[in-house]
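Taking it in order: structure first as structure tokens, then the write-up.
Being a predicted model, the structure only gives us computed values, none of them experimental. Chain identifiers are assigned alphabetically (A, B, ...) following the order of the sequence lines, protein sequences preceding nucleic acid strands; residue numbering begins at 1 within each chain.
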Amino acid sequence: MTLRLFNTLTGQVEPLSPAEGGVLRMYACGPTVYDYGHIGNFRTFLEVDVLRRFLRLIGVPVRHVMNITDVDDKIIRNATAAGMAIGAYTAKYEQAFFEDLEALKVERPEVLPHATEHIGKMVELVQKLEAAGAAYKTEDGSSYFRLSAFPGYGKLSKKDLSGMEDGARVDVDEYEKDSARDFAVWKSAKPGEMAWETAIGRGRPGWHLECSAMSMEYLGESFDLHAGGEDLMFPHHENEIAQSETATHKPFARHWMHVRFLLVEGKKMSKSEGNFFTLRDLLLKGYKASAIRLALISVPYRHQLNFTFDGLTEATSAINRLRTFYERLKSTNFAPGENPALQEAAKKAHAEYMEALANDLNTAEARAPIFDLVRAGNTAIDQGQLLAGDRDAILRVLADFDAVFDVIRDDDAEPTRRALAWAEEAGRLEEVAPEVRASLALTDEAIEALVAERTQAKKQRNFARADAIRNDLAAKGVILEDSKDGVRWKRK
RNA sequence: GGCGCGGUACCCAAGUGGUAAGGGAGAGGUCUGCAAAACCUUUAUGCGCCGGUUCGAUCCCGGCCCGCGCCUCCA
């Protein structure tokens, strides 16, 4: 099976496969670690995660590189404001970033290079560009890429800059540039700023340079796929292409994937709108990491996603449905054998699921056959028609579903617990939803004990006591379900 | 202004030139000590509006209305 993925460069859905060596080499723009990540950031990383997981599912090995940008203007500004050393500041937010990715079950890329550890490589690139006459130095020691040196400029974002007037408005800072659109590949350091002493002077790399340098370092001068948020298409990716292809005379990335921005409650997320949320904000409100993950990936990456609290609640219900079914399959004893109708249903669901994802990662479409199979399975169990061989077949389908979606396996307690500990440390405990605290205060053992006590009470037909226990647990976010095979409980 | 995306049931959201997936929510029912879960039935003669092409359009073309994104080192 081959993944057909929209390619921004060509505007077409095209097969994506490794150009050489059997390993798919991909680069995804990573975070600038200057603050806690928000859900918009995570949508992009989550969609790239869906991509790499699906590739693995269809047997395509991936070498995935994601940069950590640990030097830039915002970092310098924020670290200074916080009175922290740059390194300590970025380390803090980098660690937070990885904790958040783990909470959302985003897999780690194979290579995670830091911008500050590749200054030498970037300096080389600048020298190459300068030698080729594609970059020029200004009086203050900065170096700019000359756009006119790259005729293909605009091919990714479909911009035609040829008709644009230069210099209509030029920042004072940039008066030395030959053309207003020329961009910095090297910035000379102002006094007191973070800077490196290098062969091309004292300064720091331009924003776009790190991605060119590090992608080529770990993937080669040409590679298979480059991904990122839609805002990066221009100018960031366009500039990467310009400087990379000018330096190497080779095509940079063959395939480009851009993830659309999300809206929050119908509006662009912004702090001033009051609809700006970090992952931690949502965990403290009591939403589960799995629900956040599912809500963020259920709308295909090329569509605008309207992220809402209703949507999170809905995702929570959908996950409960899947988990309840999964547990039912696992905990029920089935007679040996196979039911041809169910075997067929499992096969069909799997085929449709895979095909939907192969079709430009259509996650919304991919969900449907899985839920169809859940219904068919539940119905068969109710009617005593599901056999052990069917259970195994369905579990295999669910495993492939979770290989990409990863929401059935319940690892939700830990991220919430960690967010709570973080809130305590950060003095934000008052933001924590009461039921979150109540639920986490109850250990599994305590719940089991109460469940056992209730079962005893029921045996003695002491329903008042049994119901009291159930209600008490419910108030603490624990749901009980009686079944023929015993009592199941779960945290809401 | 330039480039682009979208308007499908109460909400979210797929989709196809031949008659509307899935999830959530609601209503009724089965089961249950009661719940929960599960299952069954039910909720778009209809897919923004108006034309056109076609045997036939939600899906193709044109126009219009509405919403949104990018064009600013915001993923």
Side-chain angles (χ1 to χ4, degrees), chain A residues 8 11 28-32 34-35 37-48 69 72-75 154 157-161 163-164 171 183-184 187 206-208 227-236 238-239 258-263 266-271 276 294-295 298-300 302-308 310-325 327-328 352 356 359 362-372 374-383 458 461-464 466-467 470-471 474 479-484 487-490:
Chain A
T8 310
C29 289
T32 300
Y34 68 98
D35 203 346
H38 60 250
I39 53 177
N41 296 318
F42 292 120
R43 152 115 128 147
T44 299
F45 298 123
L46 243 5
E47 297 291 7
V48 172
T69 296
D72 98 318
D73 293 348
K74 281 194 297 288
I75 290 173
S157 55
K158 318 288 182 244
K159 286 188 191 304
D160 180 7
L161 267 35
M164 286 194 185
D171 290 352
F183 58 91
K187 293 179 159 186
W207 172 39
H208 318 291
E230 65 170 329
D231 61 312
L232 298 179
M233 197 164 85
F234 182 89
H236 182 57
E238 204 73 70
N239 292 353
H258 290 98
V259 179
R260 268 203 91 171
F261 268 18
L262 53 70
L263 261 37
K267 288 188 172 160
K268 186 176 161 99
M269 181 169 63
S270 74
K271 285 181 177 165
F276 183 96
L294 187 64
S298 284
V299 173
R302 277 211 290 149
H303 289 243
Q304 194 170 58
L305 159 71
N306 186 15
F307 187 87
T308 63
D310 283 352
L312 280 181
T313 304
E314 180 194 314
T316 305
S317 301
I319 289 171
N320 282 339
R321 180 167 169 78
L322 294 169
R323 287 181 180 171
T324 301
F325 177 60
E327 287 306 320
R328 199 178 181 199
E352 289 177 1
N359 181 21
N362 192 334
T363 46
E365 196 180 354
R367 282 174 47 153
I370 301 303
F371 283 95
D372 283 339
V374 169
R375 169 168 299 109
N378 270 321
T379 302
I381 297 173
D382 284 352
Q383 297 172 345
K458 276 180 64 181
R461 302 197 68 78
N462 182 357
F463 295 119
D467 289 352
R470 187 171 64 199
N471 291 338
I479 310 288
L480 301 192
E481 288 171 19
D482 295 335
S483 80
K484 286 185 277 297
V487 183
R488 284 190 290 263
W489 64 267
K490 65 187 175 205

Would you indicate, yes or no, if B:A25 has its OP1 or OP2 atom less than 4.0 angstrom from a side-chain nitrogen or oxygen of A:S317?
yes
Taken to the nearest whole Å, NZ/A:K268 to C1'/B:C71 is 11 Å
Between the base of B:C39 and the side chain of A:R375, is there a donor-acceptor distance below 3.5 Å?
no
Does the ring of A:F42 lie flat against the base of B:A75, closer than 5.5 Å centre to centre with planes under 30°?
no
Please confirm whether any donor atom in the side chain of A:D467 sits under 3.5 Å from an acceptor in the base of B:G33, or the reverse.
yes
Nucleotide nearest A:R321 when distance is taken to its side chain, options B:A14, B:G69, B:A38
B:A38
Quick one: A:L294 CG to B:G24 P, roughly how many Å, whole number?
11 Å
Let me know, please, whether A:P369 or A:Y34 comes out on the 5' side of the other along RNA chain B by nearest nucleotide.
A:P369
Starting from C1' on B:A37, measure out to CG on A:D482 and report it in whole angstrom.
10 Å
Would you say a side-chain N or O of A:R323 is under 4.0 Å from OP1 or OP2 of B:A37?
no
Which heavy-atom pair separates A:E230 from A:F261 by the least distance, and what is that distance?
OE2-N, 2.9 Å
Rounded to whole Å, CE of A:M269 lies from P of B:A75 at a distance of 9 Å
Nearest 0.5 Å please: distance from the CD1 atom of A:I479 over to the OG1 atom of A:T324.
10.0 Å
A:N378 side chain N/O closer than 4.0 Å to the phosphate oxygens (OP1, OP2) of B:A38?
no
Between A:F261 and B:A75, do the rings stack, that is, sit under 5.5 Å apart with planes less than 30° off each other?
yes
Measure from the side-chain heavy atoms of A:P300 and tell me the nearest of B:G23, B:A14, B:A37.
B:A14
Residue A:K158 excluded, over 12 heavy atoms near NZ under 6.0 Å:
yes
For A:N239 and B:C71, what is the distance between atoms CG and C1' respectively, to the nearest whole Å?
13 Å
What about A:R43: does its side chain form a donor-acceptor pair under 3.5 Å with the base of B:A75?
no
Classify A:A364 by what it touches in the nucleic acid, base, sugar-phosphate, or nothing, heavy-atom distance under 4.0 Å.
base
Find the partner of B:U19: check Watson-Crick (N1-N3 plus N6-O4 or O6-N4) and G-U wobble (N1-O2, O6-N3) distances, both under 3.5 Å, and reply none if neither fits.
none
Any strand: nucleotide that pairs with B:C47 via Watson-Crick or wobble, under 3.5 Å
none
If you measure from the C1' atom in B:G33 to the same atom in B:U41, how many Å do you get, rounded?
27 Å
Has the side chain of A:N362 got a donor or acceptor atom that lies under 3.5 Å from a matching backbone atom of A:A356?
no
For A:F463 and B:C34, what is the distance between atoms CZ and C1' respectively, to the nearest whole Å?
8 Å
What is the base-pairing partner of B:G28, counting Watson-Crick and G-U wobble geometry with both distances under 3.5 Å?
B:C40
Under a 3.5 Å cut-off for both contacts, is B:A57 paired Watson-Crick or G-U wobble with anything, and if yes, with which nucleotide?
none
In whole Å, measure the gap between the C1' atoms of B:U54 and B:C3 for me.
33 Å
Atom C1', compared across B:A25 and B:G6: separation rounded to whole Å:
24 Å
Gap in Å between the two P atoms, one belonging to B:G23 and one to B:G18, rounded
24 Å
Salt bridge present between A:K271 and A:D35 (N-O < 4.0 angstrom):
yes
When the P atoms of B:C40 and B:U45 are considered, how many whole Å apart are they?
23 Å
Does the side chain to side chain contact (heavy atoms under 4.5 Å, CB included) test come out yes or no for A:I370 and A:L322, once each step is laid out?
CA-CA 9 Å; A:I370 301 303; A:L322 294 169; 4.0 Å; yes
Looking at A:K159 and A:F234, what are the two nearest heavy atoms and their distance?
CE-CG, 3.3 Å
A:E481 side chain, from C-beta outward: closest of B:G23, B:A36, B:C74
B:A36
Could you tell me how far apart A:E365 (CD) and B:C12 (P) are, to the nearest whole angstrom?
20 Å
List the steps and the verdict of side chain to side chain contact (heavy atoms under 4.5 Å, CB included) for A:K490 and A:R323.
CA-CA 10 Å; A:K490 65 187 175 205; A:R323 287 181 180 171; over 6 Å; no
Using the C1' atom as the reference point in each nucleotide, state the distance between B:C66 and B:U72 in Å, no decimals.
27 Å
Which nucleotide wins on minimum distance to the side chain of A:D382, given the candidates B:A38, B:C74, B:A14?
B:A38
Exam field: side chain A:E481 to backbone A:R488, donor-acceptor pair closer than 3.5 Å:
no
What does the list of N/O pairs under 3.5 Å between the protein and nucleotides 2-11 of chain B look like, with a distance for each?
from, atom 1, to, atom 2, distance (Å)
B:C5, O2', A:R260, NH1, 2.8

Categorize A:V259 for me: base, sugar-phosphate, or nothing, with a 4.0 angstrom heavy-atom threshold over every strand shown.
nothing
Any base atoms under 4.0 Å from A:R488, or only sugar-phosphate, or nothing? Heavy atoms, all strands.
nothing
Can you check the A:L262 CG to B:A13 P distance for me, whole Å?
12 Å
Is any side-chain nitrogen or oxygen of A:N320 closer than 4.0 Å to OP1 or OP2 of B:A37?
no
When you match A:A464 and A:V374 each to their closest nucleotide on RNA chain B, which lands nearer the 5' end?
A:A464
Expressed as a whole number of Å, how far does the C1' atom of B:G62 sit from that of B:A57?
15 Å
Give one of base, sugar-phosphate or nothing for A:G40, where a contact means two heavy atoms less than 4.0 Å apart.
base
Watson-Crick or G-U wobble partner for B:A35, using a 3.5 Å limit on both distances?
none
Salt bridge or not for A:R43 and A:E47, using N-O below 4.0 Å?
yes
Mind checking who B:C70 pairs with, Watson-Crick or G-U wobble, both distances under 3.5 Å?
B:G2
Contact under 4.0 Å: A:K484 side-chain N or O vs B:C31 OP1/OP2
no
Would you indicate whether the side-chain heavy atoms of A:L294 and A:R367 approach each other to under 4.5 Å?
yes
Integer angstrom distance from the P of B:A27 to that of B:G63
46 Å
